[in-house]
Amino acid sequence: MGGKLIFSLWENWRRRRVLRKHRIPADLWSMAMRQVRAVAHLSDADRGRLRNLASLFLHDKYIEPAQGLELTDAMRVRIASEASIPILNLDLEHYHAWYTVIVYPAQFVAHDEFIDAAGVVHRHRSVRAGEAWHRGPVVISWEDVIAEDAGHNVIIHEAAHKLDMLDGVANGRPPIHRSMNQDQWTAVLSEAYDRHVADIDAGRCTEIDAYAAKDPAEFFAVASEAFFEIPHVLKRVWPDVYSQLVLFYGQQTATSD
Ligand SMILES: [Zn+2]
């Protein structure tokens, strides 16, 4: 037997064992399903699979409060369920490179440092709703998790960055599936990105968040938020981007109802 097969047999056994003991209780799960908008396209069977995946996520990852936030089981379940939506048809293995979600009560100040070509160190302070560290934790603001802000989902945004980073760099080109076409992915996303940048530069109003114009990595993360939160808008504005994300995430989010 190959190593990969042994791993997957062992992993399947481990998951069944975890789920027998630690499946998210029904009351907490139904509460989460009432709160989370990005599950609208999922059938009952899909939601059952999502419950299992979220239970495994809760068991395998640490969700840590920061700055005195009181983190309840209901909050943990909501975070785990939203984080599991993008990988519902990809598998938990896609999150193998990180273990921790740090939850701030509200937006937090991040300190960035970079050294320019002349060797000068620049330090920036910026206020953020979330961030995904390369080989490190995902950091989110709870206030932004629960914000009723159409098209936005800070957890899905940071999860998309994590998927993008699977090949080492966040550049809007996550490792795509063998059945997909890399040239097509790049052509579709960069064309939409260029159009978005041109719209923002010209001061035109856009239905997709202007932040997507920051760079191709943010474009992919923001498009992913829109794919799960406002799929009909994304499909209308950028039908080709929507189609590529259907192939990548393996989900049809713009259902007819
Ligand atoms: Zn981002």
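Read the numbers this way: they start at 1 and go in the same order the structure lists the ligands and their atoms.
- In this structure, E158 does not pair ionically with K162, as no charged nitrogen and carboxylate oxygen lie closer than 4.0 Å.
- In this structure, a donor-acceptor pair under 3.5 Å is absent between the side chains of H161 and E131.
- Aromatic ring orientation, H41 versus F228: tilted (interplanar angle from 30° to 60°).
- With the Zn ion (ligand 1) as vertex, H161 NE2 and H157 NE2 subtend 100°, rounded to 10°.
- Taking the N/O/S atoms of E218 in turn, the shortest distance to the Zn ion (ligand 1) belongs to OE1.
- Classified by interplanar angle (parallel below 30°, tilted 30° to 60°, perpendicular above 60°), the ring pair H196/W238 is perpendicular.
- With 2.8 Å as the limit, E158 does not count as an N, O or S neighbour of the Zn ion (ligand 1).
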